[in-house]
Amino acid sequence: MAEEKKMIIDGVSCPFTTERNVLEVARNNGIDIPSLCYCENLSIYGGCRLCLVENDRGKMDAACSMQPRDGMVVSTHTKQVLDSRRTTLQLLMSSHRADCLTCDQSGRCKLQEYARRYHVDAHRFEPNTYCTEPMDLSSPSIVRDPSKCILCGLCVRTCAEIQNIGAVDFSGRGKKAHISADFGKTLKDTDCVGCGQCAAVCPTGAITIRNETEKFWSMLQDQTRKVVVQYAPSVRAGMAERFGLPANEPCTGKLVAALRRLGVDVVYDTNLTADLTIMEESAEFLEKVKTGAKLPMFTSCCPGWIQHVEHRHPHLMPQVSTCGSPMAMFGSLIRKQFAGENVYSVAIMPCTGKKFEAARPELEKDGERLIDLVITTSELCDMIEEAGIDFAHLPDEEPDAPLGDYTGAGVIFGVTGGVTEAVIRRVLDRHAEHAEHGDECSTCALLRTYFVVADWSGMVVDDATDAFANQLRDMLARMNEIGAKPELEDALISRAADEHGTLDERRERLRVQWRLAFALRAEYNQAINEAYPDQYRLDASQLMIDAAAAVNEAKTSDLPKLVIVDDFQDATLAGFDFLTALRNRGVRLLLVGNPD
């Protein structure tokens, strides 16, 4: 653990350990130093000069590039510092087209916020010298307005360092400096994947999500159209944050109610086709395994990923799943469900890339688009506010039948272990029902002994989505890794009790835990076979075990020269065995760990 040090900021003792700079120390101690070009996930640029602080010798320096030292003393709002910030803001505003009343970022613009905070309400430097490059409207996902750019470089660094695309960069020198796409191209003609991360970090209105709320409003007011909406699982979490609700408070019902109050005719949850995606991709994977097709198979759900493969790695396209994304699948279902009706299909999605996906030629069938319009979470929130709807106090409503039902797997399928956890929940719920009807089985008796309470079923149901289900999922993986086969149950339990149980009570506790583990695993395997008959189920732990065995038997010429392992700290026992097998065969390993 790093040694704790202290520095003084505005007379306050501020402890720090591994912070990169004074700006991070200040923010971690509740002191807000303004900055327009800094992001903790990006390289340090130091271009905006708003974060200047003054040391105890009267010298000013940028807090974002000043390394903290034990005993250092700085001030963030001396007269010299405040005068400098106001001058910097005035210079920035002189090169920024300030049509704040009509700007999409009005109210969320950091330049606007700082101008208000430091009372900069007039242009000191005239005339206004903002960039006159034309707006870039070529992308279906985002809009670039160079006249509002302040050259903070956040979009450039995000695109290059986080997304590894590099679609935009600085161009020109001095007063002619501006942000440009590759060689002056439009975004449509670059490798831009439409992810929208540049818009997410832009502090002004220079890069924004393409706003298509007017199209949505016009369709809602057209009495000849039936407006059918689907919404993605993560939209509800983003809306909770926007409207001040707790992040862990479900707001799906409020979302459905809000859409109906806006005038939507039919509301569906995209989770249904997330379930279908699980089934379709599993079937496709099985077919690839049977026919010996090249593996691995990559998912096709993310439009940004698909664009990246098409632009940068076209040789991988044969390995990309041919399944449509959940959004596209639901679009097809909607067209079939309302065949012959004048339907306008809208998708509420968290990702700007979905706007591009909806416009792809593959999503057009018989001259009709599967998805007519994609609206992002923030656009929908703007519409709800515009309509004067009090989202936080809406009553909960259910999505429409018959396409409104889905399983919990649909919600969590995109998370590692999601399908496994969905089946585990099913097994635990079954035993909770046994207890409720007074029909306990042998596994129920083990659960009661394990929890040491009579009302054990309530604990299982309450924790089925939390600690107990997570522990059970990990336990099943570990049992596979150590070779705990059903026929070895008695021998392993006896050995565990002898080696780790020094007291009779502890020995009995270990026996109960192991008996419960074997019983639940048997039921888990049975549930898997019932849910997915005659289908190959890919188990990550078993895959590692089989991979280690394959490495030991493989020809040296078939093995890689170098294997890079990211997030090495998360490797499982089976993962370590696989890496050890590679190392023993002379393969070089580069292990990359995440200190967090």
Side-chain angles (χ1 to χ4, degrees), residues 104 107-108 196 200 209 211-221 225-275 326-327 330-331 333-334 337 343-352 354-355 371-415 418 422 425 461-462 464-466:
D104 283 343
R108 298 187 291 267
I209 298 169
N211 191 316
E212 297 180 289
T213 56
E214 286 302 318
K215 288 183 182 179
F216 197 8
W217 278 123
S218 65
M219 288 298 107
L220 290 171
Q221 293 158 8
R225 305 299 293 269
K226 173 175 282 190
V227 179
V228 182
V229 167
Q230 58 165 301
Y231 57 88
S234 57
V235 169
R236 62 206 79 184
M239 297 193 70
E241 179 183 355
R242 172 73 174 266
F243 290 107
L245 297 172
N248 60 349
E249 180 177 320
C251 68
T252 307
K254 299 182 189 300
L255 169 58
V256 175
L259 287 168
R260 291 197 175 119
R261 278 158 177 73
L262 287 174
V264 173
D265 297 301
V266 184
V267 181
Y268 291 137
D269 194 320
T270 314
N271 272 326
L272 169 67
T273 42
D275 286 331
M327 181 187 80
F330 218 128
L333 284 177
I334 288 171
Q337 178 72 11
V343 166
Y344 192 76
S345 177
V346 180
I348 312 294
M349 294 287 141
C351 171
T352 57
K354 290 294 183 180
K355 290 177 178 283
I371 305 293
D372 292 306
L373 182 67
V374 172
I375 294 292
T376 61
T377 308
S378 60
E379 289 174 275
L380 178 61
C381 290
D382 289 343
M383 292 181 70
I384 291 172
E385 291 177 343
E386 185 178 347
I389 297 172
D390 185 359
F391 184 85
H393 296 95
L394 285 174
D396 288 346
E397 297 182 12
E398 294 295 323
D400 289 286
L403 304 178
D405 293 331
Y406 54 87
T407 71
V411 180
I412 63 175
F413 89 106
V415 181
R425 292 180 184 181
V461 173
D462 290 342
T465 59
D466 204 2

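Positions are given from 1 along the sequence.
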Are the side chains of [X] and [Y] in touch, meaning some heavy atoms are under 4.5 Å apart?
X    : Y    : answer
F243 : I384 : yes
F216 : V229 : yes
T273 : M327 : no
L333 : L272 : yes
V256 : D269 : no
F391 : C381 : no
V228 : D265 : no
M239 : I348 : no

E385, CD atom: more than 12 neighbouring heavy atoms under 6.0 Å: yes
Consider side chain to side chain contact (heavy atoms under 4.5 Å, CB included). Of E214, K226, R225, which one does M219 pass it with? R225
Taking atom types as modelled and ignoring hydrogens, do the side chains of E379 and T213 form a donor-acceptor contact shorter than 3.5 angstrom? no
Could you tell me which non-hydrogen atom of [X] sits nearest to which non-hydrogen atom of [Y], and how far apart they are?
X    : Y    : result
V264 : V227 : CG1-O, 3.6 Å
Y344 : L373 : OH-CB, 3.5 Å
L394 : K254 : O-NZ, 2.8 Å
L262 : A387 : CD2-CB, 3.8 Å
P399 : R260 : C-NH2, 3.8 Å
E212 : V374 : OE1-O, 3.6 Å

Please check: side-chain N/O of T376 versus main-chain N/O of M349, any donor-acceptor pairing under 3.5 Å? no
So, the side chain of D372 versus the backbone of S345: is there a donor-acceptor pair under 3.5 Å, distance only? yes
Nearest 0.5 Å please: distance from the OH atom of Y231 over to the CG atom of L259. 8.0 Å
Could you check T377 against E241 for side chain to side chain contact (heavy atoms under 4.5 Å, CB included), going step by step and ending with a plain yes or no? CA-CA 11 Å; T377 308; E241 179 183 355; over 6 Å; no
Test log, rule salt bridge (Lys or Arg N to Asp or Glu O under 4.0 Å), inputs R108 and D382: CA-CA 12 Å; R108 298 187 291 267; D382 289 343; 3.7 Å; yes
Salt bridge (Lys or Arg N to Asp or Glu O under 4.0 Å), that's the test. Do R261 and D390 meet it? Break it down for me. CA-CA 11 Å; R261 278 158 177 73; D390 185 359; over 6 Å; no
